[in-house]
Asker: 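Sharing a structure here in structure tokens format.
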Amino acid sequence: MSVSVNLSNFYPFYAQEKMDALAGELAGAHDALLEGTRAGNDFLGWVKLPVDYDKDEFERILAAAAKIKEDSDVLVVIGIGGSYLGARAGIEFCVSPNFNMIDRKGYPQVFFLGNHISGETVNEVISLIGDRDFSINVISKSGTTTEPAIAFRVMKDLLIKKYGDKANDRIYATTDRARGALKSQATACGYESFIVPDNVGGRFSVLSAVGLLPLAAAGVDIKAMMQGAADAMEAITADKSMSNPAWAYAAARSVAYREGKAVEILGCYEPRFHTVSEWWKQLYGESEGKDLKGLMPASLDLTTDLHSMGQFVQDGTRIMIETIMTIEKPTSTVVIEKAEDDGDGLNYLAGATMDYVNKQAQAGTALAHVDGGVPNIKLSIPDSSAYSFGQMVYFFEFAVGLSGYLLDINPFNQPGVEAYKKNMFALLGKPGYEELRAELMKKM
Ligand code: PA5
């Protein structure tokens with residue numbers, strides 16, 4: 001298992017015995033995830049997904065990605081939340097945060113839409129596509145989410161204007177097996193379709209067609225990613241002890257929560273983690289933030305945010321723990337050369353690599369934050385390969401399942417997500433929301 005957890009900067013605040021004392025609860029949660037005996041057990045398809053997936057569909061995904069590479073300069077991926085973040089996280093992590101700017105080696109550019117309601121951004125993407133060939137992968141499990149539905153309507157019209165009756169050959173729909181408006185459209189128009197499994201929730205769906213098609217189309221090795229996830233699954237599900245990294249991480253954050261911490265900051269020292277943090281925030285926030293419980297997940301890009309939020313972490317209200325993520329071996333580094341005049345005073349670093357400086361910054365910051373009263377967890381991942389991405393995804397998923405059960409909540413539902421939708425529909429005048437609209441108008 002290549003994700004490792006180091007708690008040496010956590011123990012000054014919470015002795016190892018406190019984590020060890022949770023072993024019984026963790027064993028119960030571990031069994032419940034494998035046996036499906038607790039709340040949310042109809043959404044545990046992700047537990048075995050790295051090995052138990054539709055192999056024929058996987059081949060169709062590879063074929064669709066090859067076709068998109070062949071006939072499209074751009075793939076527009078339309079989806080929001082769990083139908084968006086995992087794919088973007090994987091592309092940024094395994095390819096680059098600048099994935100559309102570097103040499104694409106024949107792979108299409110990928111633009112993400114339907115993850116906001118910004119007309120100007122839709123127009124910008126349309127102008128960036130210009131006259132070039134494009135395809136669409138529209139992803140929505142429910143098939144009825146407003147943001148992707150609007151973006152899909154706009155982009156589909158554009159596709160039809162450009163390709164006429166051949167447009168439908170360029171639309172790939174990832175949705176429910178049987179229900180929803182997108183499923184009906186896909187059936188009526190004959191879009192090539194992929195399934196979001198019934199028992200896999202949005203935020204746990206990156207290893208399903210939801211993530212696989214955009215990732216493969218962007219050039220990520222999805223076979224290696226699934227192998228990484230499968231190996232992580234084997235290691236994590238077999239180890240019922242505190243040496244299991246998912247147990248160690250879940251135990252540490254549970255102890256901190258029970259002892260009064262309110263926020264967990266994920267701080268990442270390479271820009272390629274940026275959207276991994278966004279994915280992580282959804283995974284942990286939507287899984288645990290309910291019944292008035294849970295650590296609020298926040299994120300920092302480091303060292304960037306040390307020059308903005310660093311002050312608060314060092315010195316502000318003591319409500320947080322910090323989980324630091326680092327890549328042991330970046331894909332490349334830069335050697336700092338000696339300068340004749342040493343005008344910038346950096347000659348003391350001559351010969352050092354930027355990675356060395358980054359690692360010293362990590363160590364120094366962790367010690368400073370520990371001195372400032374912030375318990376630190378360190379997560380290391382060997383590299384930014386697709387294999388390691390698969391391992392990291394499975395690690396975080398299993399750990400949040402354990403941690404959610406330790407909180408005694410259902411980690412696999414998201415009842416709170418509906419509240420804003422009802423108000424928005426009422427204000428927009430959607431049929432069926434007349435009474436709520438009248439109520440809201442009185443308040444406004
Ligand atoms: O995790 C979730 O359930 C949500 O974030 C959904 O993924 C998001 O709301 C998109 O839903 P859908 O895929 O149904 O369009």
Side-chain angles (χ1 to χ4, degrees), residues 39-47 49 76-90 112-118 122 136-156 171-186 191 193-215 275-290 294 296-297 299 393 396-397 400-401 403-404 409-425 428 430:
N41 57 3
D42 43 348
F43 278 98
L44 289 174
W46 59 271
V47 175
L49 191 59
V76 180
V77 177
I78 297 176
I80 194 166
S83 292
Y84 151 68
L85 284 164
R88 184 166 191 145
F112 290 95
L113 284 180
N115 54 82
H116 48 65
I117 318 180
S118 164
V122 171
I136 298 172
N137 180 200
V138 54
I139 309 167
S140 176
K141 184 174 186 187
S142 64
T144 54
T145 307
T146 309
E147 291 91 334
I150 294 173
F152 183 48
R153 183 179 277 213
V154 174
M155 297 311 291
K156 186 178 60 177
I171 297 177
Y172 302 86
T174 307
T175 189
D176 188 82
R177 186 182 309 278
R179 288 179 300 266
L182 180 56
K183 174 64 191 166
S184 310
Q185 287 182 79
Y191 306 151
S193 297
F194 303 100
I195 307 291
V196 191
D198 290 340
N199 57 359
V200 177
R203 59 190 175 276
F204 290 86
S205 68
V206 57
L207 302 175
S208 77
V210 171
L212 291 172
L213 179 55
L215 285 159
T275 305
V276 171
S277 295
E278 299 302 312
W279 170 82
W280 172 87
K281 281 193 278 193
Q282 183 192 5
L283 184 64
Y284 280 72
E286 220 171 62
S287 298
E288 294 198 328
K290 53 197 68 158
M296 179 179 166
S299 64
V393 163
F396 276 129
E397 289 182 348
V400 83
S403 174
I409 46 99
N410 176 354
F412 307 113
N413 64 3
Q414 54 283 327
V417 177
E418 294 310 309
Y420 98 91
K421 290 186 190 167
K422 283 189 199 141
N423 283 2
M424 180 176 75
F425 291 150
L428 289 169
K430 187 171 178 171

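Numbers here are sequence positions counted from 1. Just so you know, these numbers use all the heavy atoms, side chains as well, and skip hydrogens, waters and symmetry mates. As the structure lists them, so they are numbered: ligands from 1, and atoms in each ligand from 1. What you see is a predicted model, and the numbers here were worked out from it, not measured in a lab.
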Asker: Pair F43, F204 - check ring pair (Phe, Tyr, Trp, His ring centres under 6.0 Å), show working.
Answerer: CA-CA 9 Å; F43 278 98; F204 290 86; 9.2 Å; no

Asker: Examine distances only and state if a side-chain atom of S205 and a backbone atom of G202 form a donor-acceptor pair shorter than 3.5 Å.
Answerer: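 Yes, because the side chain of S205 sits within donor-acceptor range (under 3.5 Å) of the backbone of G202.
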
Asker: Who are the salt bridge (Lys or Arg N to Asp or Glu O under 4.0 Å) partners of E286, not counting sequence neighbours?
Answerer: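 Testing E286 for salt bridge (Lys or Arg N to Asp or Glu O under 4.0 Å), a comparison that skips the adjacent residues, returns R203.
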
Asker: If the criterion is any heavy atom closer than 4.0 Å to an atom of ligand 1, which residues make the list?
Answerer: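 The 4.0 Å shell around ligand 1 contains I80, G81, G82, S83, S140, K141, S142, T145, G202, R203, Q282, E286, Q414.
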
Asker: List the residues meeting salt bridge (Lys or Arg N to Asp or Glu O under 4.0 Å) with K421, not counting sequence neighbours, and say none if there are none.
Answerer: E418

Asker: Spell out, as yes or no, whether a donor-acceptor pair under 3.5 Å connects the side chain of S208 to the backbone of V210.
Answerer: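 Side chain of S208 to backbone of V210: a pair is present.
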
Asker: Among residues at least two apart in sequence or on other chains, which ones pass side chain to side chain contact (heavy atoms under 4.5 Å, CB included) with T275?
Answerer: L85, R88, A89, E92, E278

